2 protein chains.
Amino acid sequence: MKTEKEITIYDIASKIGIAPSTVSRALNNNPTISAATRKKITELAEKLGYQHNPFARNLRMQKTHTIGVILHELNSQFITSVLAGIEKVATESKYNLIIGHSGENAKIEVVNANNFFHKRVDGIIASLSFDTDDLNHFKQFQNKNIPVVFFDRVFEKSDAAKVIINNYQAGYDATAHLIAQGCKRIAHITSSLKRNVYSERKNGYKKALEDHKIKYDEKLVIIDGFKEEDAIRSAKRILAMKHLPDGIFITNDFCAAVVIQNLKDAGIRVPQDIAVVGFNNDSIGKVISPKLTTINYPGFEMGQVVARTLVNHLKGIWDMNLTNTVIIKSELIVRESSLKKGKD
Amino acid sequence: MKTEKEITIYDIASKIGIAPSTVSRALNNNPTISAATRKKITELAEKLGYQHNPFARNLRMQKTHTIGVILHELNSQFITSVLAGIEKVATESKYNLIIGHSGENAKIEVVNANNFFHKRVDGIIASLSFDTDDLNHFKQFQNKNIPVVFFDRVFEKSDAAKVIINNYQAGYDATAHLIAQGCKRIAHITSSLKRNVYSERKNGYKKALEDHKIKYDEKLVIIDGFKEEDAIRSAKRILAMKHLPDGIFITNDFCAAVVIQNLKDAGIRVPQDIAVVGFNNDSIGKVISPKLTTINYPGFEMGQVVARTLVNHLKGIWDMNLTNTVIIKSELIVRESSLKKGKD
DNA sequence: CTGTTAGCGCATTCAA
DNA sequence: TTGAATGCGCTAACAG
């Protein structure tokens, strides 16, 4: 158990015969230190393998240099891409990340938020769980001027900073594409309408139907989760419809893949009998047959924008409360699963 | 900017008229405190909304209560399951997690290891990147008696603690299954043989061939990455073979899915012409056609075992150096992609 | 059972 | 340009 002692600024100071405060200043690039002493200090620090002690520093500065990231889940390629984008910016900016995911459970989301609050994070990045009803658990941060940026799953009404795509437009585009392929009876499989991403996509779906004189039918809208068992259930509900749809707009690629699989198992041809459009552009879409038409959702870019927004605010470079909504571009990617025309 | 002051144990102490150390003890469940004062203290702490300051505590205790997790990537369901398992145990045991992933790059792995060392983690959980050549970057932890547990991608020769599956057996089972389905010419798509998981699976593959009097042929072994572009390249190499194989054992499900897709695009029937077995039991295997036969790799259990091993060691419950290798059970899951018999 | 005291390593005010 | 002194909040050794 011979744990070598860590090098501190005192060790450096006494070895050179100067004050610890001078060492501290030199190591923090304080301009009041002469070039000569700075050189001596940095060289010795290097030689001894000095590493600052973040706890002492944080205790002293009352800052943690840590960003808390609150996610609903880690199960999609979209969300891991976002995380990679956040991580890139955070690392560049010398911020640490702590990650909490709620498993789509509002109660756990609250626990994570409280936990991060107690850990005294400098800022928060969050995407809401399925069933989060309010933002009360984020109030504590605002009260202490700890900035919070939401992305993807946000409260659009709230005046908090947020980074989103135009879900309405994406929903419209997906549906309009199905209509252009000749679909006249388009079902919609989505999830909790509490979440902007789903309610907005549904609004876009509805508007596209209206614009093309197709009557909106509540019975064609299925709301459920996106896990395998949920998707199977949704597929069964589609198959149980007296009058089958000829197109489905599903707001999640994995779910779409499972639904397509189940339709095929039931003898239905995709896209000939039912055309399908997914959402997210997960890589799963390229390995299923037929390959999935979907909406590209640039997670990595979104992650970078979110983190950049927060970090710039923390560093006082700009006030994120001024430009509080950033909209990231997304677009329809047409593959096989929706191409009815000329197929049949 | 009215940042309210945090409540400290001094606030509680002075309000009650006792010593701060007593408050500290009471809040840490030190048994030497009388029930009466403990009650007073905990109640007031609750009322004032006291939260301990982890920096002061860490500074004082020279412990961080943080575990560094070094991963190769976050892109498979297996690895996110492992992470979920680790997180469960860590949370239960009041440990924080910091996660670094290398993107399969040994250099970044070294950077992450050094970074975690400087952050003074209490312990390390690691799975090696594709091209990691040595464990030198983990030496610094051992020198300071900071425990390191490896999982999945390990150096089997090293005497470090590790949690693995029996990759040799899994490789043997997968191959023997293909042979039992009538395959006589079995290709193998895998990755860097520097990694135990791949070299062991290959050894199992080889042994199964031998045991069934099939000659091992180097030219049937393809070594590449598992990303989409890698998998496409591997599929092309299969298709370019003069004498096509009638079975392929692929050590990654996503890669297997892409390969199957490409074989089908080339007019090859799976499993009739070529049977395929994957590895990991990612959910992608259930949504492709044919559904993928694979090896179940219980990530969540593995994550829990790894974290439990480390935490118990940290808490002094047991010395993990005594039982330094844990083997987790895995098994073959037969679906459609390998079932040649009676198909043709 | 509880109080006193000291110090973890650092950044910062005030003095020089 | 540098030094001395202080305290961030907490835990632990020691004393009572």
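Keep in mind it's a predicted model, so treat the numbers as computed, not measured. Here is how names work: the chains are called A, B, and so on, in the same order as the sequence lines, proteins then strands, and each is numbered from 1.
- Going from atom CG of L27(B) over to atom P of dC10(D) covers 9 Å, rounded to whole Å.
- Between the CZ atom of R60(A) and the P atom of dT13(C) there is a distance of 7 Å, given to the nearest Å.
- Between I164(A) and T325(A), the shortest heavy-atom distance links the atoms CD1-CG2, 4.1 Å.
- Rounded to an integer number of Å, the gap from CG of L48(B) to P of dG9(D) is 15 Å.
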For this session: Take F150(A) and F138(A) through the test ring-ring contact (aromatic ring centres under 6.0 Å, His included) and record every step on the way to the result.
Result: CA-CA 11 Å; F150(A) 294 95; F138(A) 293 102; 5.0 Å; yes
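- Checking side-chain atoms of S93(A) against main-chain N and O of Y95(A) turns up no donor-acceptor pair under 3.5 Å.
- Rounded to an integer number of Å, the gap from CZ of R57(A) to P of dG9(D) is 18 Å.
- Note on Q62(A): a side-chain N or O is less than 4.0 Å away from OP1 or OP2 of dG9(D).
- You'll find that the side chain of T8(A) is closest to dC10(C), out of dC10(D), dC10(C), dT13(C).
- Residue-level contact check: F55(B) touches neither bases nor backbone, having no heavy atom under 4.0 Å from any strand.
- Comparing I7(B) and T22(A) by the nucleotide of DNA chain D whose heavy atom lies nearest to each, the residue mapping closer to the 5' end is T22(A).
- Ranked by how close their nearest DNA chain D nucleotide is to the 5' end, Y10(A) and R38(A) are led by R38(A).
- Looking at heavy-atom distances under 4.0 Å, S24(B) makes contact with a base.
- Nearer the 5' end of DNA chain C, as judged by each residue's closest nucleotide, is the contact made by A56(B), out of P20(A) and A56(B).
- Computed from coordinates, the L59(A) CG to dT12(C) C1' distance equals 14 Å when rounded to whole Å.
- Among the atoms of the strands shown, only primed sugar atoms or phosphate atoms (P, OP1, OP2) are found under 4.0 Å from some heavy atom of I33(A).
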For this session: For the pair S21(B) and S24(B), evaluate side chain to side chain donor-acceptor pair (under 3.5 Å) and give the outcome as yes or no after the intermediate values.
Result: CA-CA 5 Å; S21(B) 52; S24(B) 171; over 6 Å; no
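- Between the CD1 atom of I18(B) and the P atom of dG3(C) there is a distance of 6 Å, given to the nearest Å.
- The side chain of T37(A) contributes an N or O atom lying less than 4.0 Å from OP1 or OP2 of dT2(D).
- Taking atom CZ of R25(B) as the reference point, atom C1' of dA12(D) lies 8 Å away to the nearest angstrom.
- Nucleic acid contact class of N58(B) (heavy atoms, under 4.0 Å, all strands): none.
- Here the side chain of N28(A) is nearest to one of dG9(C), dA11(C), dC10(D), namely dA11(C).
- Under the 3.5 Å distance criterion, the side-chain polar atoms of N196(B) are left unmatched by any main-chain donor or acceptor of F155(B).
- One cannot find a donor-acceptor pair under 3.5 Å joining the base of dT2(D) and the side-chain atoms of S21(A).
- Distance N29(B) CG to dA12(D) C1': 17 Å, rounded to the nearest Å.
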